[in-house]
2 protein chains.
Amino acid sequence: MYKASIATENFIKAIYKGEQGNSMDTKPGTIAKELGITNAAATDMARKLAMKKLIDYEKYKELKLTPDGTKVALDVLRKHRLWETFLHQVLGLTMHEIHREAELLEHLTSDFLAEKISDFLGNPETDPHGDPIPTDDGEIPETDHSITLSMGEPGNTYKISRLSGSDKEFFDFCHSNKLEIGTSLTVQKHYIKTRMIEIEIQHTKLLLNIDLTNTIYIKKAD
Amino acid sequence: MYKASIATENFIKAIYKGEQGNSMDTKPGTIAKELGITNAAATDMARKLAMKKLIDYEKYKELKLTPDGTKVALDVLRKHRLWETFLHQVLGLTMHEIHREAELLEHLTSDFLAEKISDFLGNPETDPHGDPIPTDDGEIPETDHSITLSMGEPGNTYKISRLSGSDKEFFDFCHSNKLEIGTSLTVQKHYIKTRMIEIEIQHTKLLLNIDLTNTIYIKKAD
DNA sequence: AATTAAATTTAAGTATGCTTAAAAATATAA
DNA sequence: TTATATTTTTAAGCATACTTAAATTTAATT
């Protein structure tokens, strides 16, 4: 299997995030901002990865992962989420600590070690955020049919299924507003212009920015 | 604290090994062979690390770590041995597997995570090989007064205290010849010319190469 | 539609960490 | 001690992964 450099892995991860996420695209500038590099560096990298057949690249267009590129993304993502689960369950690190450490460890984790960690954890399907862990053959167990909070319909009640953010602020915010996995909420109203969503959670009304709500996943309460 | 690159960390580790070991010096060629790079690359790196005050470098002389360089070496060594201990005790990896994985993980392990691992393990003083784990402030707990097997005196009986090798062959050899931590042995005779040592272990005579015996540590049986 | 702004690309340059090939210094052996 | 071999160093070059600055293309605004 193709072994990518750390820089390449991070670049491909960013594209993957852009392809999946609703609050981010895969234009070079967006990727550059995500990685903290210049636009020129992103274009440069795009050309190189295109030659390696990891992405499809047409000038001035969005970057798109090839099947090979997607495989790299899912491999790193699997290691990232396995480490997050492991660091949380075994070493008791907090939600934002596990992200920070997994962000490093994922790049120097052999397939062998990833399997050992997975076995030790009982081959979990999701990480502590509720995010699905890709399998070793690159499948994503999407059994929960979660949607982002921004997709929730006014009047409907949901349970929070995933909290997908990575920074301390996000988790502090969630915690102090009782936004936890399993908690029920009712979507009140969408404000298109201001890109806000109003929800009711534990008898409290909350106005959330749409960007934030794309890292909060919900599913219909059964 | 100065953050070294992976290449720099490995280079400094090799020098540290040469400074400590009895079977290896710190000449550029030796370091190059250890790392699998050319002599030219080793000289090149030596000049660069000298500019960063991590090593003392005089042309055609052996490479020597500065206090700063030694700090880098001990920091990486601490992380290496903490990972080895953790992977062995928690994930049950074999002796040569833990080395291989720790060799990677050590480079992307934050000080924060190292402390968490250490705490989890009850702040152990030695790793599964019996090698001392440097403390977070760069001290090496040398409480056991071990010596290498090559230093053992004929007629004396010792207990094996450390098995410091890294490759599978070494551990397979040790295992099949009952060379385990805690096992008693009696040094029989040194053969200077052929660089061999004869020992008796569990009523069996064994002839060992001196290079091998520098990774086997012993101490006087009490 | 024309102008302006923003994003993207190209070009040139830098640091790291290697390589090969040739020159210089050191070590070994006859 | 002199010739030979080995090691070390220098020199030139390459790939990766960035940078800044300028040119080009696309997008937004009037």
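Chain naming here is simple, since letters A, B, ... match the order of the sequence lines and numbering starts at 1 in each. Heavy-atom basis, side chains included; hydrogens, waters and symmetry copies ignored.
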Return the value, rounded to whole Å, for the distance between atom [atom1] of [X] and atom [atom2] of [N].
X: A/Asn39; N: D/dA21; atom1: CG; atom2: C1'; result: 14 Å
X: B/Ile6; N: C/dC18; atom1: CD1; atom2: C1'; result: 15 Å
X: B/Met45; N: D/dT9; atom1: CE; atom2: C1'; result: 17 Å
X: B/Asn10; N: C/dC18; atom1: CG; atom2: P; result: 9 Å
X: A/Arg47; N: D/dA17; atom1: CZ; atom2: P; result: 13 Å
X: B/Ile31; N: D/dT8; atom1: CD1; atom2: C1'; result: 14 Å
X: A/Asp44; N: D/dA15; atom1: CG; atom2: P; result: 13 Å
X: A/Lys33; N: C/dA7; atom1: NZ; atom2: P; result: 7 Å

query: Between the side chains of A/Asp68 and A/Thr66, is a donor N or O closer than 3.5 angstrom to an acceptor N or O?
result: no
Using the side-chain heavy atoms of [X], tell me which of these nucleotides is nearest: [options].
X: B/Thr43; options: C/dG17, D/dT25, D/dT10; value: D/dT10
X: B/Ala7; options: C/dC18, D/dA21, D/dA17; value: C/dC18
X: B/Ser5; options: C/dG17, D/dT10, D/dT16; value: C/dG17
X: A/Lys48; options: D/dA17, D/dT10, C/dT10; value: D/dA17
X: B/Thr38; options: C/dT19, D/dT10, C/dG17; value: C/dT19
X: B/Ile37; options: D/dT25, D/dA17, C/dT19; value: C/dT19
X: A/Lys27; options: C/dT10, D/dT9, C/dT8; value: C/dT8
X: A/Ala40; options: C/dG17, D/dT24, C/dT10; value: C/dT10

Can you check whether [X] has a side-chain N or O nearer than 4.0 Å to OP1 or OP2 of [N]?
X: A/Lys52; N: D/dT16; value: yes
X: A/Tyr57; N: C/dT9; value: yes
X: B/Tyr60; N: D/dT6; value: no

query: Does A/His96 reach the side chain of A/Phe170, with side-chain heavy atoms less than 4.5 Å apart?
result: no
message: Any carboxylate oxygen within less than 4.0 angstrom of a Lys/Arg side-chain nitrogen, looking at B/Glu34 and B/Lys17?
response: yes
message: Pair A/Asn10, A/His107 - check side chain to side chain donor-acceptor pair (under 3.5 Å), show working.
response: CA-CA 9 Å; A/Asn10 282 329; A/His107 301 297; 3.0 Å; yes
Residue whose nearest DNA chain D nucleotide is more 5′ - A/Leu49 or A/Lys59: A/Leu49
- line: For B/Asp172, the side chain to side chain donor-acceptor pair (under 3.5 Å) test, sequence neighbours excluded, returns B/Lys168
